[in-house]
Amino acid sequence: GCFKSLYYLRNKKKLNLRDGEKLKILFIIGSINEVFLKKNSFIDQYNFQKNVCEFLNKKNINPIIKIPKNISILNFPIIKKINDDFKNFKISEKKIFQEINKSNPKIIILDRLSTTLYECLFYDLNIILFLDKKEKPYSDVLQILKKRVYIVYNFHEFKNVFEKLSKTKI
């Protein structure tokens with residue numbers, strides 16, 4: 001649907017973070033077993049997911065991990081690791097707009113370029129997007145995205161951007 005449709009307008013909510021409120025993170029993970037020449041490496045994507053979870057856990061941040069309904073664990077192996085090693089993380093199967101409205105995150109982390117990004121752009125939030133070098137969009141699209149989204153190509157870049165954003169107010 002169109003972002004100007006009544007569906008989105010009815011479900012949009014202004015986001016307010018109060019000072020002293022715990023940092024809320026929404027990590028939207030994508031399926032990793034898709035093997036296409038133009039898509040990112042499933043190993044790189046899984047490693048990024050794992051590294052982000054370990055990083056957030058070390059910082060005592062318990063993010064909400066957004067997954068689609070009716071998933072195959074083969075497509076989302078990170079879920080087993082989260083269930084085994086990160087018991088304080090919350091798994092959500094809600095629609096993206098519902099989870100954003102409910103949890104009011106300060107930062108949204110996306111592990112791949114997909115249509116999920118478009119739903120997140122509807123909100124005035126900080127968005128970090130991991131791009132694999134094989135998955136780069138056309139340069140004109142990338143320039144426009146960089147005006148609104150923090151694009152990272154590796155975990156080190158992610159940590160730097162995350163640290164900067166976690167210290168700023170919306």
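Sequence neighbours left out, the pairs with a member in residues 152-163 that pass side-chain hydrogen bond (donor to acceptor under 3.5 Å, both in side chains) are Lys59-Glu163, His156-Asn160, Glu163-Lys167. Residues in residues 142-156 take part in no salt bridge (charged side-chain N to carboxylate O under 4.0 Å, His left out) pair, two or more places apart or across chains.
For Pro137, the side-chain contact (heavy atoms from CB on, under 4.5 Å) test picks out Leu113, Leu131, Val141, Leu142, Leu145, with sequence neighbours left out. Checked against ring-ring contact (aromatic ring centres under 6.0 Å, His included), Phe86 has the following partners two or more places apart in sequence or in another chain: Phe89. Partners of Phe27 according to the ring-ring contact (aromatic ring centres under 6.0 Å, His included) rule, which considers only residues two or more places apart in sequence or in another chain, do not exist here. Taking Lys164 as the reference, nothing meets the side-chain hydrogen bond (donor to acceptor under 3.5 Å, both in side chains) condition, with sequence neighbours excluded. Residues passing the side-chain hydrogen bond (donor to acceptor under 3.5 Å, both in side chains) test with Asp84, sequence neighbours excluded: Lys80.
Considering Leu125, Asn126, Ile61 as possible partners of Ile107, the one that fulfils the side-chain contact (heavy atoms from CB on, under 4.5 Å) test is Asn126.
The CD atom of Glu99 lies 4.5 Å from the CD1 atom of Ile64; values are rounded to the nearest 0.5 Å. Once rounded to the nearest 0.5 Å, the distance linking CG of Leu129 with CG of Leu110 reads 6.0 Å. Atom CD of Gln98 sits about 12.0 Å away from atom CD of Glu93, to the nearest 0.5 Å. Residue Ile65 holds its CD1 atom at 8.0 Å from CG of Leu26, rounded to the nearest 0.5 Å. Separation of atoms CD1 (Ile91) and NZ (Lys66) is listed at 10.5 Å; rounding is to 0.5 Å. The distance from the CG atom of Leu23 to the CD1 atom of Ile25 is 4.0 Å, given to the nearest 0.5 Å.
Contact annotation: the side chain of Ile96 approaches that of Cys120 to within less than 4.5 Å [non-hydrogen atoms, C-beta and beyond]. In this structure the side chain of Val149 reaches within 4.5 angstrom of the side chain of Leu121, judged on heavy atoms. Side-chain contact check for Ile108 versus Tyr123: every heavy-atom pair is 4.5 Å or farther apart.
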Does the pair Ile29 and Ile79 meet the rule for a side chain to side chain contact (heavy atoms under 4.5 Å, CB included), with working shown? CA-CA 10 Å; Ile29 60 173; Ile79 298 302; 3.7 Å; yes
Derivation of the side chain to side chain contact (heavy atoms under 4.5 Å, CB included) call for Asp132 and Gln45: CA-CA 8 Å; Asp132 187 282; Gln45 187 177 357; over 6 Å; no
Assess whether side chain to side chain contact (heavy atoms under 4.5 Å, CB included) is satisfied between Tyr150 and Phe162, documenting all intermediate values. CA-CA 9 Å; Tyr150 296 90; Phe162 184 88; over 6 Å; no
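Ile127 and Tyr118 fall within a single hydrophobic cluster, where Ile, Leu, Val, Met, Phe, Trp and Tyr are joined by side-chain heavy atoms under 4.5 Å apart, directly or via other members.
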Donor-acceptor contacts, no H, no angles, side chain residues 47-57, under 3.5 Å, sequence neighbours left out:
from, atom 1, to, atom 2, distance (Å)
Asn47, ND2, Ile43, O, 3.3
Gln49, NE2, Gly30, O, 3.2
Gln49, NE2, Asp111, OD2, 2.4
Asn51, ND2, Asn47, O, 3.1

